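Each remark here refers to the structure printed beneath this line.
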Amino acid sequence: MTQEKVKCLIIGSGPAGFTSAIYASRANISPVLYEGIQPGGQLTTTTDIENFPGYPKGITGTDMMEDMRQQSIRLGTDVRVGDVSKVDFSVRPFVVTIDDEKDILADSVIIATGASARYLGLESEMKFRGMGVSACATCDGFFYRKKDVAVVGGGDTACEEATYLAGLCKKVYLIVRKDFLRASQAMQDKVFNTPNIEVLFKYNTKEVLGDEDGVIGAKLVNVDGSEKIINVDGFFLAIGHNPNTSLFKGQIDLDAEGYIKTKGLSSETNVAGVFAAGDVKDSHYRQAIVAAGSGCIAAMDCELFLRQ
Ligand code: NDP
């Protein structure tokens with residue numbers, strides 16, 4: 001196994017990772033950033049971003065992440081393709097293994113691995129993943145033009161995806177397990193003002209139905225026990241996220257949901273020299289701008305740690 005010594009290692013390439021890279025570069029701590037399996041992170045699977053300051057006309061997630069990447073590189077970050085396969089935070093320097101083939105010996109680590117979409121956990125849902133079942137309307141919506149689809153969830157993501165899909169598809173069912181939407185009022189208004197979205201309140205999904213060509217429908221069950229079948233070609237999940245922390249279990253403190261615990265307003269984990277930023281430590285706000293701010297905090301904490 002080859003080895004390389006670095007001062008500051010950043011894991012992850014979303015807004016948190018790249019903002020920490022920008023600040024760490026300017027602080028002269030020579031950051032090395034590994035992009036992970038989804039370069040650019042979750043924003044590369046979203047539609048237009050209209051709430052990130054500085055883009056008066058909005059910007060696509062992919063373009064924004066490419067801008068952040070270029071900015072990091074211009075300021076001196078060594079941005080690399082590769083995924084972390086193992087970490088050992090019990091030794092100094094920390095040992096971070098990349099793709100099972102290279103060990104990075106790092107004086108400090110900033111974890112910005114984000115979160116991933118959650119699935120319902122149905123066998124039928126797994127069976128038809130990639131064959132009609134998707135957790136990303138922006139990535140896959142195109143395949144369902146003029147067809148009927150369903151979106152599960154009642155939060156901002158579900159509403160955003162339902163309205164996006166309504167622009168492409170004939171009909172969109174929004175399957176909500178409660179009798180209200182949790183989404184912001186603005187998103188709710190959009191949903192209720194879109195004629196080809198039908199909200200099915202108080203329904204859970206019992207089974208995703210399909211044949212050898214993929215999804216053909218879904219069997220839903222109402223809270224009163226009655227069942228209903230909808231005919232759809234696409235079945236989209238928008239029910240929240242899980243933090244990408246499986247690598248760090250047993251290495252640093254996580255909360256009950258698996259998010260990295262940090263001290264107060266700082267990015268410090270329980271291991272001195274290991275910092276966390278963005279959605280991997282934030283189960284509440286989960287916004288690009290918050291993740292970016294969190295990346296800035298991590299780089300400043302990290303610089304101070306290295307100086308001391
Ligand atoms: P949320 O956690 O806000 O919503 C998840 C939704 O999925 C809830 O309606 C929840 O139902 C439902 N759900 C969870 N598990 C299941 C299940 N097993 N079966 C059926 N339904 C389920 O996640 P989001 O991804 O929507 O949003 C995350 C954060 O990002 C929020 O803070 C949101 O405001 C923000 N966001 C902001 C956007 C914007 O400002 N443009 C766009 C997208 C997200 P229940 O309500 O019953 O718990």
Side-chain angles (χ1 to χ4, degrees), residues 14-16 41-55 58-61 64-65 114-126 129 133-139 141 149-167 172-192 194 197 199-208 218-223 227-228 230 232 235-244 255-259 278-294:
Q42 289 180 83
L43 283 185
T44 58
T45 67
T46 192
T47 35
D48 287 347
I49 297 167
E50 300 200 311
N51 51 11
F52 201 96
Y55 295 99
I59 185 166
T60 69
M64 190 168 89
M65 292 325 299
S116 299
R118 210 178 264 163
Y119 286 81
L120 294 170
L122 301 170
E123 210 176 289
S124 53
E125 176 194 43
M126 290 302 128
R129 229 165 124 165
V133 172
S134 164
C136 178
T138 336
C139 322
V149 297
V151 177
V152 184
D156 279 315
T157 305
C159 291
E160 198 173 78
E161 304 224 324
T163 38
Y164 171 74
L165 288 167
V172 180
Y173 294 99
L174 185 59
I175 306 168
V176 184
R177 65 180 174 182
K178 291 197 175 132
D179 62 354
F180 62 88
L181 294 173
R182 177 203 286 243
S184 60
Q185 195 56 49
M187 282 313 303
Q188 294 195 30
D189 291 347
K190 271 195 188 171
V191 164
F192 293 125
T194 305
I197 299 178
V199 186
L200 300 174
F201 284 114
K202 299 202 272 188
Y203 276 99
N204 277 296
T205 307
K206 196 169 176 188
E207 193 183 346
V208 180
K219 188 187 278 182
L220 311 181
V221 55
N222 191 280
V223 289
E227 290 189 351
K228 176 187 181 80
I230 53 170
V232 291
F235 186 83
F236 291 88
L237 284 313
I239 58 168
H241 292 82
N242 291 324
N244 297 323
D255 71 12
E257 285 186 82
Y259 288 87
D279 285 13
V280 76
K281 56 156 275 186
D282 177 8
S283 62
H284 186 70
Y285 293 103
R286 293 183 281 190
Q287 297 296 299
I289 188 69
V290 179
S294 168

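All values derive from a computational prediction rather than experimental measurement. Remember, it's 1-based here, ligands and their atoms both numbered in the order they're listed.
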From Tyr164 OH over to Thr157 OG1, what is the distance, rounded to the nearest 0.5 angstrom? 15.0 Å

What's the shortest heavy-atom distance between Leu174 and Ala162, and which atoms? CD1-CB, 4.2 Å

Provide the closest heavy-atom pair for Val151 versus Ala238 in the form atom of the first, atom of the second, distance. CG1-CB, 4.2 Å

Which protein non-hydrogen atom lies closest to atom 1 (P) of ligand 1, naming both residue and atom, and how far is it? Arg182 CD, 4.1 Å

Spatial distance of atom CG (Leu43) from atom CZ (Phe52) [nearest 0.5 Å]: 8.5 Å

Taking only heavy atoms of Leu120, which atoms of ligand 1 are found under 4.0 Å from at least one of them? 17 (C), 18 (N), 19 (N)

Which ligand 1 atoms, with their elements, are less than 4.0 angstrom from a heavy-atom of His284? 32 (O)

Does ligand 1 come near enough to Gly154 that some N or O of the ligand is less than 3.5 Å from an N or O of the residue? yes

Considering heavy atoms of the protein only, find what lies nearest to atom 5 (C) of ligand 1 and give residue, atom and distance to 0.1 Å. Ile239 C, 3.8 Å

Where ligand 1 meets Thr157 - atom numbers and elements under 4.0 angstrom, heavy-atom basis: 24 (P), 25 (O), 26 (O), 27 (O), 43 (C), 44 (C)

Per atom 40 (O) of ligand 1, closest listed option by heavy atom (Asp156, Asn51, Val152, Leu181): Asn51

What residue and heavy atom of the protein are closest to atom 29 (C) of ligand 1, and at what distance? Arg286 NE, 3.9 Å

State the atoms of ligand 1, each with its element, that fall below the 4.0 Å cut-off from a heavy-atom position in Lys178. 45 (P), 46 (O), 47 (O), 48 (O)

Approximate separation, where rounding is to 0.5 Å, of Arg177 CZ and Leu200 CG: 15.5 Å

For atom 43 (C) of ligand 1, is the nearest protein heavy atom under 4.0 Å away? yes

CZ (Phe192) with more than 12 external heavy atoms under 6.0 Å: yes

Any chance you could measure Gln287, atom CD, to Ser294, atom OG, to the nearest 0.5 Å? 13.0 Å

How far is atom 23 (O) of ligand 1 from the closest protein heavy atom, and which atom is that? Gly240 CA, 3.9 Å

Roughly how far, to the nearest 0.5 Å, is CG of Asn242 from OH of Tyr119? 11.0 Å

Quick one: does Gln287 get within less than 4.0 Å of ligand 1, heavy atoms only? yes

Rounding to 0.5 Å, atoms CE (Met126) and CZ (Arg129) come to a distance of 4.5 Å

Closest to atom 11 (O) of ligand 1 by heavy-atom distance, out of Gln42, Glu160, Arg177, Glu161, is Arg177

